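Below you'll find the structure, written out as structure tokens, and then a few comments.
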Amino acid sequence: QVQLVESGGGLVQPGGSLTLSCAASRSIATNYNMAWYRQAPGKQRELVARITDSGSINYADSVKGRFTISRDNAKNTVQLQMDSLEPEDTAIYYCNAKLILLPNTEMGLEYWGQGTQVTVSA
């Protein structure tokens with residue numbers, strides 16, 4: 001199993017940038033899809049961005065073109081670069097790791113970080 005710790009959250013102005021980092025306690029170089037989710041007050045948790053073990057990336061439509069997800073397997077970290085931030089981006093951001101048990105299926109074990117607060121406000 002993997003422990004995940006997020007960092008980098010804080011208060012930024014609209015249009016500003018912020019970079020989140022997720023540190024994993026174990027190697028995530030193989031068989032792990034990594035993702036960022038977020039949950040705003042009164043809303044459901046939603047997928048923000050995902051990067052698979054092979055490097056395939058997908059983003060939520062709401063952040064496409066503004067956010068960039070990347071991973072550094074040597075450092076066991078995943079980053080989320082957030083540009084052109086909007087008040088609607090305000091949420092707790094969670095790092096997620098999914099251990100793939102059966103390739104090309106939904107079978108896997110998921111691990112979650114504690115979250116880091118991102119607040120976009122003037």
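The figures here come from the full heavy-atom set of this structure, side chains too, leaving out hydrogens, waters and symmetry mates. Every value quoted in this text rests on a predicted model; they were computed, and no experiment measured them.
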Would you say Thr116's side chain and Tyr93's backbone share a donor-acceptor pair under 3.5 angstrom? no
If you compare all heavy atoms of Leu47 against all heavy atoms of Ala35, which two are closest, and at what distance to 0.1 Å? CD1-CB, 3.9 Å
Thr30 vs Tyr32, side chain to side chain contact (heavy atoms under 4.5 Å, CB included): CA-CA, chis, key distance, verdict: CA-CA 6 Å; Thr30 59; Tyr32 282 94; 5.9 Å; no
Less than 4.5 Å apart, any side-chain heavy atom of Leu85 and any of Pro14? no
Are Ile57 and Val78 connected in a single hydrophobic cluster, I mean Ile/Leu/Val/Met/Phe/Trp/Tyr linked by side-chain heavy atoms less than 4.5 Å apart? yes
Report the distance from atom CD of Gln114 to atom SG of Cys95, rounding to the nearest 0.5 Å. 12.0 Å
Do any N or O atoms from the side chain of Gln81 and from the backbone of Thr68 form a donor-acceptor pair under 3.5 angstrom? no
Point-to-point distance, once rounded to the nearest 0.5 Å, from CD1 of Ile69 to CE of Met82: 11.5 Å
Could you check whether the rings of Tyr94 and Trp112 sit parallel, tilted or perpendicular, using 30° and 60° as the cut-offs? perpendicular
Could you tell me which non-hydrogen atom of Asp83 sits nearest to which non-hydrogen atom of Ser17, and how far apart they are? OD1-OG, 2.8 Å
For a side chain to side chain donor-acceptor pair (under 3.5 Å) check, start with the C-alpha distance between Glu110 and Asn96, then their side-chain angles and the critical distance, and finish with the verdict. CA-CA 7 Å; Glu110 295 197 21; Asn96 169 269; 3.0 Å; yes
For Gln39 versus Lys43, what's the shortest heavy-atom pair and its separation? NE2-O, 3.2 Å
Heavy-atom nearest pair, Asp72 first then Gln79, reads N-NE2, 4.4 Å
Pairwise side-chain contact, Asn73 with Ile28, heavy-atom cut-off 4.5 Å (strictly under): yes
Quick one, Gln1 and Tyr111 - any side-chain contact, counting heavy atoms below 4.5 Å? yes
At what distance, to the nearest 0.5 angstrom, does CH2 of Trp36 lie from SG of Cys22? 5.0 Å
Decide yes or no for Val118 and Leu20: does some side-chain heavy atom of the first lie under 4.5 Å from some side-chain heavy atom of the second? yes
Same apolar cluster (I L V M F W Y, side chains within < 4.5 Å links), Met34/Tyr59: yes
Using the rule that Ile, Leu, Val, Met, Phe, Trp and Tyr join whenever any side-chain heavy atoms are under 4.5 Å apart, tell me whether Ile92 and Tyr37 fall into a single cluster. yes
Interatomic distance, Lys98 atom NZ to Arg50 atom CZ [nearest 0.5 angstrom]: 7.0 Å
Nearest-0.5 Å distance that lies between atom OG in Ser25 and atom CG in Leu4: 7.0 Å
Shortest non-hydrogen contact from Val2 toward Ala24: CG1-CB, 3.7 Å
Quick one: pull up OG in Ser54 and CG in Asn33 and give me the separation to the nearest 0.5 Å. 7.5 Å
Given Arg38 and Asp89, is the salt bridge (Lys or Arg N to Asp or Glu O under 4.0 Å) satisfied, shown in steps? CA-CA 9 Å; Arg38 68 185 181 187; Asp89 296 318; 2.9 Å; yes
Please report the closest heavy-atom contact between Val48 and Leu80, naming both atoms and the distance. CG1-CD2, 4.3 Å
Is there a path of hydrophobic side-chain contacts, each under 4.5 Å between heavy atoms of I/L/V/M/F/W/Y residues, joining Met107 to Ile100? no
